Amino acid sequence: MTKLVQFGVIARNFSSSSAMQSAIKNVTVIGGGLMGSGIAQVSAQAGQNVILVDVSSDVLAKSQKSIGANLGRVAKKMYKDKPQEGEKFVTDAMARIKTSTDPSEASKSADLVVEAIVENMSVKHKLFSQLDGVAPNHTIFASNTSSLSINEICSVVKRKDRFGGLHFFNPVPVMRLLEVVRGAETSDATYKTMMEWGKAVGKTCITCKDTPGFVVNRLLVPYICEAIRLYERGDASARDIDTAMKLGAGYPMGPLELADYVGLDTNKFILDGWHKKYPDQPLFNPIPLLDKLVAEGKLGVKAGEGFYKYDKK
Ligand SMILES: C[C@H](O)CC(=O)SCCNC(=O)CCNC(=O)[C@H](O)C(C)(C)COP(=O)(O)OP(=O)(O)OC[C@H]1O[C@@H](n2cnc3c(N)ncnc32)[C@H](O)[C@@H]1OP(=O)(O)O
Ligand SMILES: NC(=O)c1ccc[n+]([C@@H]2O[C@H](COP(=O)([O-])OP(=O)(O)OC[C@H]3O[C@@H](n4cnc5c(N)ncnc54)[C@H](O)[C@@H]3O)[C@@H](O)[C@H]2O)c1
């Protein structure tokens with residue numbers, strides 16, 4: 001029995017110039033959280049058929065709601081004076097997204113599988129080894145990992161030449177960068193297809209080696225961690241640290257606001273993983289305050305509280 005559920009009522013034909021530039025037509029996104037829902041949205045916006053997968057149907061329902069709202073924001077801008085066309089844009093994109101709780105079933109017709117599940121090597125291994133046996137031969141596998149090694153993630157699959165990293169940024173519909181990560185065995189053809197697909201979904205792509213944090217997170221995560229340490233020492237208030245970096249360095253968000261936005265659990269997963277691998281690097285040392293907040297369930301915006309309090313969505 002198929003577990004695919006289509007949302008959006010009317011499926012209309014869609015042709016977009018961006019969709020024509022990519023060999024990828026069918027994308028399966030695994031993980032329907034913060035990142036997966038954004039990746040599903042930009043893929044559908046670009047005219048691709050998307051299956052969004054999560055273990056939780058509640059998460060999928062929440063994703064569906066947020067994708068609808070975010071598409072509405074995009075449509076408002078794109079079709080300022082043409083609300084009917086804006087409405088059609090939203091309906092068409094929504095109709096291209098199906099949801100599923102069965103990763104194997106959902107990968108059977110995929111040209112590309114983008115994984116955006118929890119930042120944990122053994123959970124990612126379990127998923128990819130399961131999918132390797134069921135996805136078609138030509139299917140490219142990609143991970144949206146923030147910090148784990150692409151070579152290590154793909155060690156469990158046979159298709160190492162058809163595996164790479166596609167690292168998006170939060171919020172996916174807004175952030176223009178995509179880091180395309182080449183593993184040791186990623187083929188030229190796979191790399192080229194990933195770059196073309198990235199452009200087709202509207203991103204500016206850069207090429208990264210499989211090094212910890214690639215480019216952005218190798219710089220950004222130690223910066224966020226230093227801000228948490230500064231706050232933990234009592235050197236300044238959270239508000240003042242954030243104001244300082246917004247007004248003094250021109251960042252759109254301060255580091256503690258950004259930590260809440262990314263998710264304190266994700267920040268902790270990244271730091272713990274790097275500390276384990278590189279115990280002599282003091283920038284990667286554990287931070288007791290971060291550990292405490294995560295243990296208390298204060299994971300940031302998504303939990304309603306982190307360094308700050310938020311309205312629960
Ligand atoms: C850890 C990981 O591996 C890597 C990461 O992802 S690190 C995190 C990277 N991300 C960042 O650094 C984000 C930094 N923050 C920002 O750029 C900005 O604060 C922000 C874009 C999130 C919000 O901007 P802000 O001006 O405060 O709010 P807001 O006015 O609501 O949004 C700005 C625009 O984005 C749009 N927008 C915001 N969120 C959106 C979403 N989820 N979907 C679609 N559009 C969205 C708004 O409609 C608005 O558009 P407009 O200016 O044309 O009207
Ligand atoms: N949060 C960020 O700013 C950010 C930015 C770039 C990359 N990333 C990376 O993207 C990935 C996802 O991060 P997120 O912030 O979206 O996390 P999230 O917690 O918002 O979402 C993860 C989702 O994956 C689901 N899931 C877990 N195991 C699964 C499985 N086996 N099969 C299907 N679904 C499963 C969970 O139910 C959850 O809904 C992580 O690897 C993270 O490091 C995060």
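Computed from a predicted model, the values in this text were never measured in an experiment. Residues take their numbers from the sequence shown, with the count starting at 1. Just follow the structure's listing: the first ligand is 1, and inside any ligand the first atom is 1.
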Side chain, backbone, both or neither: the part of Glu179 lying under 4.0 Å from ligand 2 by heavy atom: neither
Nearest protein heavy atom with distance in Å, relative to atom 6 (C) of ligand 2: Phe168 O, 3.2 Å
Nearest candidate to atom 16 (O) of ligand 2, where distance is taken over non-hydrogen atoms, out of Glu115, Glu119, Met35: Met35
Positive for side chain to side chain contact (heavy atoms under 4.5 Å, CB included) with Pro103, one of Thr28, Val113, Leu127, Asp54: Leu127
Nearest neighbour in protein (non-hydrogen) for atom 10 (O) of ligand 2: Asn144 ND2, 3.0 Å
Atoms in ligand 2 with a heavy atom of Lys302 nearer than 4.0 Å: 19 (O)
Identity and distance of the protein heavy atom lying nearest atom 43 (O) of ligand 2: Ser146 OG, 2.7 Å
Min heavy-atom dist His167 to ligand 2 below 4.0 Å: yes
Flag if over 12 foreign heavy atoms under 6.0 Å of OH, Tyr231: no
Flag side-chain contact, heavy atom, 4.5 Å: Glu305 against Glu296: no
CA sep, side-chain torsions, deciding dist, call: Phe163, Thr186, side chain to side chain contact (heavy atoms under 4.5 Å, CB included): CA-CA 6 Å; Phe163 200 109; Thr186 308; 5.6 Å; no
N-O pairing of Glu152 and Lys277 below 4.0 Å: yes
Check: Val114 and Val27 side chains under 4.5 Å, non-hydrogen atoms: yes
Selection from Thr266, Ile39, Asn170 by shortest heavy-atom distance to atom 3 (O) of ligand 2: Asn170
Sub-4.0 Å heavy-atom approach of Gly263 to ligand 2: no
Identity and separation of the nearest protein heavy atom to atom 39 (O) of ligand 2: Asp54 OD2, 2.7 Å
Per-atom contacts, ligand 2 versus Ile30 - under 4.0 Å to a heavy atom: 32 (N), 33 (C)
Shortest protein heavy-atom distance from atom 20 (O) of ligand 2, along with the residue and atom involved: Leu34 N, 3.0 Å
Close N or O approach (Lys124, ligand 2; < 3.5 Å): yes
Heavy-atom side-chain proximity of Tyr191 to Thr207 below 4.5 angstrom: yes
Within residues 227-237 or reaching into it, pairs that qualify as salt bridge (Lys or Arg N to Asp or Glu O under 4.0 Å) - sequence neighbours excluded: Glu226-Arg229, Arg233-Asp235
Selection from Leu166, Val262, Ile117 by shortest heavy-atom distance to atom 40 (C) of ligand 2: Ile117
Centroid-centroid distance, Tyr223 to Tyr251, less than 6.0 Å: yes
Nearest protein heavy atom under 4.0 Å from atom 32 (N) of ligand 2, yes or no: yes
Nearest neighbour in protein (non-hydrogen) for atom 21 (O) of ligand 2: Gly33 CA, 3.4 Å
Of Arg159, Lys126, Lys158, Lys160, the residue whose pairing with Asp132 passes salt bridge (charged side-chain N to carboxylate O under 4.0 Å, His left out): Arg159
Check: Ser187 side chain, Asp161 main-chain N or O, donor-acceptor pair, under 3.5 Å: yes
Amino acids contacting ligand 1, non-hydrogen cut-off under 4.0 Å: Asn70, Arg73, Lys77, Ser146, His167, Phe169, Asn170, Pro171, Pro173, Val174, Met175, Asn217, Leu220, Pro252, Met253, Leu258, Tyr261, Val262
Salt bridge Arg182-Asp210, side-chain N to carboxylate O under 4.0 Å: no
Proximal ligand 2 atoms for Val59, defined as those under 4.0 Å from one of its heavy atoms: 39 (O)
Which residue and heavy atom of the protein sit nearest atom 22 (C) of ligand 2, plus the separation: Ala116 O, 3.8 Å
Flag, side chain of Glu105 to backbone of Asp102, donor-acceptor distance under 3.5 Å: no
Pairing of Asp260 and Lys298 as salt bridge, 4.0 angstrom limit: no
Side chain to side chain donor-acceptor pair (under 3.5 Å) between Gln64 and Thr99, intermediate numbers included: CA-CA 9 Å; Gln64 172 181 359; Thr99 60; 5.9 Å; no
